[in-house]
Amino acid sequence: MTFTHRHLLGIEPLHPAEITAILDLADDYVALNRSGDKHSDALKGLTQINMFFENSTRTQASFELAGKRLGADVMNMAMQSSSVKKGETLVDTALTLNAMHPDLLVVRHPSSGAVDLLAQKVNCAVLNAGDGKHEHPTQALLDALTIRRKKGRLHRLSVAICGDIAHSRVARSNLILLGKMENRVRLIGPPTLMPAGVAEFGCEVFDDMREGLEGADVVMMLRLQKERMDGGFIPSEREYYHRYGLDAEKLAYAKPDAIVMHPGPMNRGVEIDGTIADDINRSVIQEQVEMGVAVRMAAMDLLARNLKTARAA
Ligand code: NCD
């Protein structure tokens with residue numbers, strides 16, 4: 001067994017071989033998802049609860065579909081109408097759910113570290129579906145699978161991550177993963193949207209798109225996280241688009257076969273030009289969504305195997 005963790009809380013604790021193990025299994029699930037019978041029994045008899053304390057479209061749908069295709073009983077908690085609104089703490093909510101014997105808990109929360117805290121209180125496998133500005137491991141894994149399939153490898157690539165780095169758990173998880181797999185990562189964005197201590201990440205930092213994109217194999221765009229900003233980080237969206245929005249002219253600085261990625265949801269005309277996003281020769285945004293289901297199936301399958309082993313012991 002190459003993947004021995006109880007939870008998937010972030011990319012940080014993973015060994016490169018574990019990342020490869022998840023991606024290899026996800027490749028099998030891509031094939032299953034493209035076949036006529038999209039069904040396996042990997043999670044048969046297990047209960048999966050999705051708790052999303054923050055809005056989500058693709059991540060929640062993807063986890064739900066992944067669980068159902070693997071045969072789990074899947075429940076989506078509507079957190080907006082839950083007792084959280086009556087003042088129940090995160091830990092109390094988790095303990096209540098824990099008493100119902102779930103096997104997999106998928107959690108998204110606006111506070112960094114909230115999912116780790118919750119994982120310490122329950123006796124099932126916990127998957128982090130995004131915690132504040134901290135980590136979004138399945139996003140980085142689905143991005144990695146997309147890159148590996150498109151570029152034929154996941155090492156020695158030049159990857160430009162552009163935009164609102166400071167508020168992005170997607171950027172953080174990707175940065176960690178791509179670094180572990182020995183790629184060259186460049187961060188591009190206005191200095192106001194670079195995290196403090198960015199120099200320690202060991203990657204190059206640019207505030208000019210054309211310089212930063214020069215020779216890139218992969219161009220990863222990020223959404224401006226307006227909900228996590230409490231002041232004037234950018235002069236205006238128009239000005240931002242002019243300097244940092246990905247359009248054909250700026251993309252021409254990357255390699256001719258560079259792929260364009262975006263985790264979604266996209267703000268067309270803010271961080272990316274709609275024509276680039278829709279260009280099937282450059283944009284892999286739809287593939288990212290497809291890979292998302294497969295990666296989540298792989299992650300839940302591996303965690304369920306470890307859960308069964310631990311319970312049998
Ligand atoms: C991302 C998220 O929620 O962190 N979306 C996603 O999971 N696909 C990125 C974002 O919200 O900008």
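One-based numbering, in listed order, for ligands and for the atoms of each. Since we're looking at a predicted model, the values are computed, not measured.
- Ligand 1 has no nitrogen or oxygen under 3.5 angstrom from a nitrogen or oxygen of V170.
- Residue A216 comes nearest to A254 through the heavy atom pair O-CB, 3.7 Å, listed as atom of the first residue, atom of the second, then distance.
- Of all the atoms in ligand 1, the ones that sit under 4.0 Å from a non-hydrogen atom of Q139 are 6 (C), 7 (O), 8 (N).
- Between the CG atom of L104 and the OG1 atom of T47 there is a distance of 9.0 Å, given to the nearest 0.5 Å.
- Nearest heavy atom pair, residue R69 against residue V293, reads NH1-CG1, 3.9 Å.
- Taking 4.0 Å as the cut-off between side-chain N and carboxylate O, E214 and R210 do not count as a salt-bridged pair.
- Listed by number with element, the atoms of ligand 1 under 4.0 angstrom from any heavy atom of Q225 are 10 (C), 11 (O), 12 (O).
- Heavy atoms only, all atoms of each residue included: N123 and R311 are closest at O-NH2, 3.7 Å.
- Under a 4.0 angstrom heavy-atom cut-off, R108 registers as being in contact with ligand 1.
- For atom 9 (C) of ligand 1, the nearest non-hydrogen atom of the protein is G264 O, 3.5 Å.
- At a cut-off of 3.5 Å, with distance as the only test, no side-chain donor of D116 or Q120 sits close to an acceptor on the other residue.
- For atom 7 (O) of ligand 1, the closest non-hydrogen atom on the protein side is H136 NE2, 2.7 Å.
- Looking only at protein heavy atoms, the nearest one to atom 11 (O) of ligand 1 is R223 NH2, 2.9 Å.
- The only option from L187, L246, L213, L222 that meets the side chain to side chain contact (heavy atoms under 4.5 Å, CB included) definition with C162 turns out to be L213.
- The distance from ligand 1 to the heavy atoms of P263 drops below 4.0 Å at these ligand atoms: 8 (N).
- Looking at M221, R169, K226 and measuring to atom 4 (O) of ligand 1, the nearest heavy atom belongs to R169.
- Heavy-atom contacts of T59 reach the following atoms of ligand 1: 6 (C), 7 (O), 8 (N) (cutoff under 4.0 Å).
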